[in-house]
Amino acid sequence: MEAKMFACLAAVIAIAVAVTAAAIHLARDERSTAAMPSPAAHEAPRADPLRETLRRCQQMGEPATRDPQCLAAWDENRRRFLSPAAGN
């Protein structure tokens with residue numbers, strides 16, 4: 001019975017050490033990534049007229065289904081999303 005209890009205690013200690021090590025590692029990673037500025041932070045955001053049109057159409061609600069500009073924007077959005085070279 002003594003050996004079984006010792007094995008359980010050793011397993012609990014090993015798990016506690018592993019969890020503590022993982023927590024320390026994650027805390028260090030979060031601090032190091034928070035300290036580094038993002039390269040995109042220095043760039044000015046590019047204005048996308050399609051995105052602005054889609055947002056306007058979304059806010060319009062049901063009348064947007066009859067608006068020619070919204071229909072054209074949705075077609076263009078589908079074309080961009082479904083095109084094989086969508087990564088461009």
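Owing to the predicted nature of the structure, the values given are computational and were not obtained by experimental measurement.
- Counting side-chain heavy-atom gaps under 4.5 Å among Ile, Leu, Val, Met, Phe, Trp and Tyr, Met60 is found in no cluster with other residues.
- Hydrophobic cluster of Trp74: the remaining members, joined at side-chain heavy-atom separations below 4.5 Å, are Leu50, Leu54, Leu71, listed by chain and number.
- Scored by the side-chain hydrogen bond (donor to acceptor under 3.5 Å, both in side chains) test, Glu62 finds Arg66 as partners (sequence neighbours excluded).
- Minimum heavy-atom separation, Pro49 to Ala47: CD-O, 3.5 Å.
- Hydrophobic cluster membership differs between Ile13 and Met5, with clusters built from Ile, Leu, Val, Met, Phe, Trp and Tyr side chains linked at under 4.5 angstrom.
- Contacts of Glu52 classified as salt bridge (Lys or Arg N to Asp or Glu O under 4.0 Å), with partners at least two apart in sequence or in another chain: none.
- Judged as a salt bridge (Lys or Arg N to Asp or Glu O under 4.0 Å), and not counting sequence neighbours, Arg55 has no contacts.
- Using a 4.5 Å heavy-atom cutoff, the side chains of Cys57 and Gln69 are not in contact.
- Counting side-chain heavy-atom gaps under 4.5 Å among Ile, Leu, Val, Met, Phe, Trp and Tyr, the cluster of Val19 also holds Ile15.
- The 12-atom threshold is not exceeded at CZ of Arg51, counting heavy atoms of other residues, nucleotides or ligands nearer than 6.0 Å.
- Look at Asp48 and Arg80 and you find a salt bridge, because one of the NZ, NE, NH1 or NH2 atoms lies within 4.0 Å of a carboxylate O, short of that distance.
- Gln58 places none of its side-chain heavy atoms less than 4.5 Å from the side chain of Thr53.
- Separation of atoms CZ (Arg78) and CD (Glu76) is listed at 10.5 Å; rounding is to 0.5 Å.
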